Amino acid sequence: MKKLIGGLLFAMVLEPAVSAQETTEKYFDGFYVGAEIGIKLKSTIDFLDETLPNTEDRYLGGVLGWRQQNDDGFVWGVEGSYGDTDAFQHQFFAGGLSGAFIRDIWSATGHMGLALGPGRRNLLFVGGGYANMRAGFDAIVDGVRFTPSEPGGGYRVLAGYEHAIFNRLNLRLQTNYSNFPNQVATWITSAGLTYRFW
């Protein structure tokens, strides 16, 4: 009888702890989508004969990814992104305007990080992988516009912070550097939201 009572008391004490452990929310686990808007801190487009200032710096993009969050807070996963920037350099010449642009930036990267803080609602992460873009000339000569361009593949490295606002909705801050052929590079800092499906 004493063993039975002792067993019941032990189960009563242990059950809440086990239930709490099982129901701990993993805010950075599963499939997710997101949108981000940012600024181009710096870009290099050396298609022209001289170094020219960048005239615009907006960025708009989206992400799709999958992550796994371990019980110890370690997070790893993969992510695909697509975005567009109005990075542009130009110069005037007799008879027209010529410039160079970067468009259609997409990437496939791996991420890893650590969930920290109360409830592990904060994530610090780094990542890297493949990036691609379309770059070329945009010229107007005697009223006729020419926009030859070609894709170019390179690499991307990134770092960021994410905070779980609600159960499935997160706020993200991120900076990334991408390097492409022909001395083309971008450095973009963005803020956005991600939504986790499950």
Side-chain angles (χ1 to χ4, degrees), residues 28-70 73-90 99-116 122-138 147-163 170-196:
F28 310 103
D29 191 273
F31 289 95
Y32 63 93
V33 296
E36 53 190 6
I37 186 171
I39 58 172
K40 170 185 57 61
L41 296 178
K42 181 180 180 181
S43 69
T44 303
I45 314 174
D46 291 335
F47 290 136
L48 305 181
D49 294 334
E50 57 182 300
T51 302
L52 301 171
N54 300 315
T55 57
E56 297 177 324
D57 58 6
R58 292 177 294 273
Y59 173 83
L60 183 64
V63 300
L64 173 66
W66 173 87
R67 294 183 292 209
Q68 177 172 312
Q69 180 176 339
N70 298 341
F74 180 75
V75 179
W76 61 276
V78 292
E79 181 177 288
S81 71
Y82 173 81
D84 202 11
T85 176
D86 49 16
F88 185 77
Q89 295 176 334
H90 71 272
F101 62 83
I102 299 174
R103 295 286 187 273
D104 301 328
I105 304 174
W106 62 272
S107 69
T109 55
H111 291 202
M112 64 179 181
L114 191 62
L116 303 167
N122 303 287
L123 174 67
L124 296 175
F125 64 92
V126 295
Y130 178 78
N132 198 296
M133 57 83 215
R134 181 173 60 89
F137 290 102
D138 190 351
T147 57
S149 64
E150 62 179 27
Y155 67 87
R156 168 174 290 186
V157 292
L158 58 90
Y161 165 78
E162 201 164 325
H163 174 71
N170 296 348
L171 170 68
R172 171 189 282 193
L173 302 174
Q174 178 178 282
T175 185
N176 68 69
Y177 171 80
S178 301
N179 190 281
F180 306 103
N182 300 319
Q183 302 183 53
V184 178
T186 61
W187 189 349
I188 297 171
T189 293
S190 61
L193 296 173
T194 63
Y195 178 81
R196 179 170 55 94

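Since we're looking at a predicted model, the values are computed, not measured.
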**OP:** Answer yes or no: is there a donor N or O on one side and an acceptor on the other, between the side chain of N176 and the main chain of V157, under 3.5 Å?
**Re:** no
**OP:** Examine distances only and state if a side-chain atom of E162 and a backbone atom of L123 form a donor-acceptor pair shorter than 3.5 Å.
**Re:** no
Roughly how far, to the nearest 0.5 Å, is [atom2] of [Y] from [atom1] of [X]?
{"X": "R58", "Y": "D84", "atom1": "CZ", "atom2": "CG", "value": "11.0 Å"}
{"X": "L158", "Y": "T175", "atom1": "CG", "atom2": "OG1", "value": "8.5 Å"}
{"X": "W76", "Y": "N70", "atom1": "CH2", "atom2": "CG", "value": "8.0 Å"}
{"X": "L171", "Y": "T194", "atom1": "CG", "atom2": "OG1", "value": "8.5 Å"}
{"X": "Y32", "Y": "L64", "atom1": "OH", "atom2": "CG", "value": "8.0 Å"}
{"X": "L60", "Y": "Y82", "atom1": "CG", "atom2": "OH", "value": "10.0 Å"}

Original post:
Would Y195 and F31 satisfy side-chain contact (heavy atoms from CB on, under 4.5 Å), going step by step from the backbone distance to the final call?
Top reply: CA-CA 9 Å; Y195 178 81; F31 289 95; over 6 Å; no
Subject >> Shortest non-hydrogen separation from L173 to A191 and the atoms involved >> reply: CD2-CB, 3.6 Å
Are [X] and [Y] packed together at the side-chain level, in the sense that at least one heavy-atom pair is separated by less than 4.5 angstrom?
{"X": "V63", "Y": "R172", "value": "yes"}
{"X": "R196", "Y": "F28", "value": "no"}
{"X": "Y59", "Y": "T189", "value": "no"}

Original post:
Hey, are E79 and R156 close enough for a salt bridge, meaning a charged N less than 4.0 Å from a carboxylate O?
Top reply: no
Subject >> Partners meeting ring pair (Phe, Tyr, Trp, His ring centres under 6.0 Å) with F125 (sequence neighbours left out) >> reply: H111
